[in-house]
Amino acid sequence: MCTAATYLTKDFYIGRTLDYEFSYGEEITILPRNYPIPFRFMGIRENHYAIIGMAHVAGNYPLYYDAINEKGLGMAGLNFVGNSVYRKPEGVKDDVAQFEFIPWVLSQCANLDEARALLDRMNLTDTPYSEHFPSAGLHWILADRTGALTIESVADGLKIYENPAGVLTNNPPFDQQMFLLNNYIGLSPKQPENHFSEQLPLSCYSRGMGALGLPGDLSSASRFARAAFTRLHSVSGDSEEESVGQFFHILGSVEQPRGCCEVADGKYEITIYTSCCNATRGIYYYTTYTNHQITAVDMHRENLDGNELIHYPMLQQERIFHQN
Ligand SMILES: C[C@H](CCC(=O)NCCS(=O)(=O)O)[C@H]1CC[C@H]2[C@@H]3[C@H](O)C[C@@H]4C[C@H](O)CC[C@]4(C)[C@H]3C[C@H](O)[C@]12C
């Protein structure tokens with residue numbers, strides 16, 4: 001399971017948890033402006049916006065999981081297994097393989113409006129990257145400081161939803177996730193009043209009772225409700241430290257500790273990494289399951305006019321600050 005979220009203070013932030021039982025060996029990967037991107041059906045793009053994100057690099061090609069570009073647009077792919085249906089290339093619209101969807105959008109769109117126009121003429125294909133990497137059943141959140149979209153390629157076509165919750169998890173389809181939020185219409189960060197019955201002297205015996213009923217489990221629909229509630233009520237200052245710190249708290253509300261989600265005998269899904277991208281400034285922040293210190297890679301500290309991928313392994317070693 002994975003959860004993605006957006007956050008706006010002075011700058012715009014987008015990030016995700018990557019929850020799974022194993023890692024594909026991903027690294028923070030910068031794609032500079034002159035790295036030639038070979039698209040399967042759409043030719044080679046020689047010059048484009050620079051991108052930074054998390055990717056598995058296969059044969060010098062970045063298979064992105066989540067990324068932002070230098071213009072402030074960000075995107076993340078999350079599992080949508082059982083619902084995603086991709087098409088065959090047809091040569092009518094822009095045929096884009098699912099593994100190249102993130103670089104396709106982020107290399108050429110400066111904002112959500114440009115992305116909307118691009119999506120209108122796109123056909124997402126099931127073309128695998130290679131025999132080792134069959135196509136992944138995903139759906140995507142795509143966002144900038146003006147808003148967010150959810151993109152789902154399903155049996156009856158490519159669906160593009162406005163995403164006012166600013167979060168995405170996994171199944172069921174996005175319209176159902178949004179509908180299920182109706183179940184929580186009564187929840188609030190404020191202390192509740194007694195609407196149960198005037199005939200009973202009910203009162204609050206604890207703080208936090210306004211959100212009693214917010215689901216605490218790790219299912220996708222429950223994480224959707226919990227992350228949406230946390231994000232929509234988030235309060236922070238707008239400095240970089242306060243914004244990034246608050247963003248990690250939002251995704252912290254849905255993180256997965258080893259042991260609570262068993263996917264096979266003795267195998268557990270965990271939060272492998274959590275990312276928070278400052279899309280305004282091109283900085284990729286992350287923590288990992290074993291390293292809680294926030295680490296940052298800043299695209300603007302690299303030569304963005306280069307033509308070679310730049311990648312940084314995730315730092316995995318926990319560092320405890322001994323205060324005495
Ligand atoms: C497994 C990851 C999604 C994690 C997630 O959503 N977990 C929820 C599990 S579930 O709902 O409860 O089943 C996804 C996110 C991005 C995916 C990767 C990216 O799409 C990039 C390439 C794409 C290739 O086609 C397959 C390998 C791959 C390297 C993908 C492997 C895997 O499917 C990843 C890593």
Side-chain angles (χ1 to χ4, degrees), residues 1-5 14-29 31 37-40 51 53-68 74-87 89 96-106 124-142 150-154 167-174 176-177 217-224 226-227 251 254-258 260-264 267-275 277 286 288-289 309 311 314:
M1 291 164 271
C2 296
T3 307
I14 179 168
R16 61 101 55 79
T17 58
L18 189 291
D19 303 332
Y20 217 49
E21 63 275 24
F22 65 86
S23 157
Y24 285 79
E26 47 278 345
E27 297 186 307
I28 299 94
T29 305
L31 187 127
I37 311 176
F39 290 104
R40 284 292 161 99
I51 295 170
M54 193 65 81
H56 173 83
V57 178
N60 202 35
Y61 182 88
L63 291 163
Y64 277 112
Y65 307 6
D66 51 270
I68 53 170
M75 199 169 169
L78 287 80
N79 261 5
F80 193 44
V81 175
N83 280 303
S84 72
V85 178
Y86 305 118
R87 304 280 166 318
V96 177
Q98 56 79 33
F99 68 83
E100 56 192 19
F101 188 22
I102 291 179
W104 174 251
V105 174
L106 296 188
L124 207 53
T125 77
D126 62 2
T127 320
Y129 175 72
S130 69
E131 55 176 314
H132 299 300
F133 292 117
S135 78
L138 304 178
H139 58 174
W140 291 264
I141 183 167
L142 171 60
T150 296
I151 300 135
E152 298 186 333
S153 185
V154 293
V167 298
L168 187 66
T169 59
N170 308 106
N171 288 334
F174 185 71
Q176 293 180 46
Q177 291 278 29
D217 67 277
L218 292 172
S219 69
S220 174
S222 295
R223 282 180 291 108
F224 189 87
R226 201 157 69 247
L251 288 184
V254 288
E255 86 176 2
Q256 301 209 36
R258 184 178 292 117
C260 293
C261 177
E262 189 167 3
V263 294
K267 280 198 169 173
Y268 300 96
E269 187 166 292
I270 60 167
T271 299
I272 293 176
Y273 71 82
T274 305
S275 63
C277 300
Y286 70 91
T288 76
Y289 194 81
L309 291 182
H311 35 110
M314 275 190 281

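Ligands are counted one by one from 1 in listed order, and the atoms in each one are counted from 1 as well.
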A.B. asks: Is there a side-chain contact between E152 and S84, using heavy atoms and a 4.5 Å cut-off?
C.D. replies: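 No, every pair of side-chain atoms sits at 4.5 Å or beyond.
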A.B. asks: Which is it for A55 and ligand 1 at heavy atoms under 4.0 Å: side chain, backbone, both or neither?
C.D. replies: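 Neither; no heavy atom under 4.0 Å.
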A.B. asks: So, the side chain of R40 versus the backbone of P38: is there a donor-acceptor pair under 3.5 Å, distance only?
C.D. replies: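 No, because the side chain of R40 does not come within donor-acceptor range (under 3.5 Å) of the backbone of P38.
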A.B. asks: What is the ring orientation for Y86 with W140, classed by angle as parallel under 30°, tilted 30 to 60°, or perpendicular over 60°?
C.D. replies: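 The rings of Y86 and W140 sit tilted, inter-plane angle from 30° to 60°.
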A.B. asks: Would one find an N or O of Q98, backbone or side chain, under 3.5 Å from an N or O of ligand 1?
C.D. replies: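 It does: an N or O of Q98 is found under 3.5 Å from an N or O of ligand 1.
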A.B. asks: Can you list the atoms of ligand 1 that are under 4.0 Å from a heavy atom of S135?
C.D. replies: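 Answer, ordered by atom number: 25 (O).
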A.B. asks: Regarding R223 and T3, do their side chains bring together a donor and an acceptor under 3.5 Å, going by distance alone?
C.D. replies: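 Side chains of R223 and T3: pair found under 3.5 Å.
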A.B. asks: May I ask you to list the atoms of ligand 1 that are less than 4.0 angstrom from any heavy atom of Y64?
C.D. replies: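 Listed by number with element, the hits are 19 (C), 21 (C).
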A.B. asks: Counting both backbone and side chain atoms, is some N or O of Y65 under 3.5 Å from an N or O of ligand 1?
C.D. replies: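 The answer is no, given that Y65 and ligand 1 share no N or O pair closer than 3.5 Å.
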A.B. asks: Classify the ring geometry between F133 and Y129 as parallel (under 30°), tilted (30 to 60°) or perpendicular (over 60°).
C.D. replies: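 Ring orientation of F133 relative to Y129: tilted.
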A.B. asks: Y129 near ligand 1, heavy-atom distance under 4.0 Å?
C.D. replies: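 No.
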A.B. asks: Would you mind running through ligand 1 and noting each atom that sits below 4.0 Å from a heavy atom of G77?
C.D. replies: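 Taking each heavy atom of G77 in turn, ligand 1 has 15 (C) under 4.0 Å.
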A.B. asks: With no hydrogens and no angle check, do the side chains of E255 and T274 hold a donor and an acceptor under 3.5 Å apart?
C.D. replies: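 Side chains of E255 and T274: no pair found under 3.5 Å.
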A.B. asks: Do Y289 and P257 have side-chain heavy atoms sitting under 4.5 Å apart?
C.D. replies: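 Heavy-atom side-chain distance check passes, below 4.5 Å.
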A.B. asks: In terms of atom number and element, which parts of ligand 1 are under 4.0 angstrom from non-hydrogen atoms of E269?
C.D. replies: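 Heavy-atom distances to E269 below 4.0 Å select 9 (C).
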A.B. asks: Decide whether an N or O pair under 3.5 Å exists between N170 and ligand 1.
C.D. replies: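 There is such a contact, yes.
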A.B. asks: For ligand 1, find out whether one of its N or O atoms is nearer than 3.5 Å to an N or O atom of P134.
C.D. replies: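 Min N/O separation from ligand 1 is below 3.5 Å for P134.
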A.B. asks: Which of the atoms of ligand 1 are close to L138, meaning less than 4.0 Å from one of its heavy atoms?
C.D. replies: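 Per the distance check, 20 (O).
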A.B. asks: Checking side-chain polar atoms at under 3.5 Å, does S222 have a donor or acceptor matched by the opposite partner on D217?
C.D. replies: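 Side chains of S222 and D217: pair found under 3.5 Å.
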A.B. asks: Taking the side chain as every heavy atom from C-beta outward, state whether Y61 and P103 have any atom pair closer than 4.5 Å.
C.D. replies: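 Of all side-chain heavy-atom pairs linking P103 with Y61, at least one is under 4.5 Å.
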A.B. asks: Report the part of Y20 (side chain from C-beta onward, or backbone N, CA, C, O) that has a heavy atom under 4.0 Å from ligand 1; answer both or neither where that applies.
C.D. replies: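 Side chain only.
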A.B. asks: Under 4.0 Å, heavy-atom basis, I'd like to know which part of E26 is in contact with ligand 1: side chain, backbone, both or neither.
C.D. replies: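 No part of E26 is near ligand 1 at this cut-off.
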A.B. asks: Is it the side chain (CB and beyond), the backbone, both or neither of A136 that lies under 4.0 Å from ligand 1, heavy atoms counted?
C.D. replies: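 Within the 4.0 Å criterion, A136 contacts ligand 1 through backbone and side-chain atoms alike.
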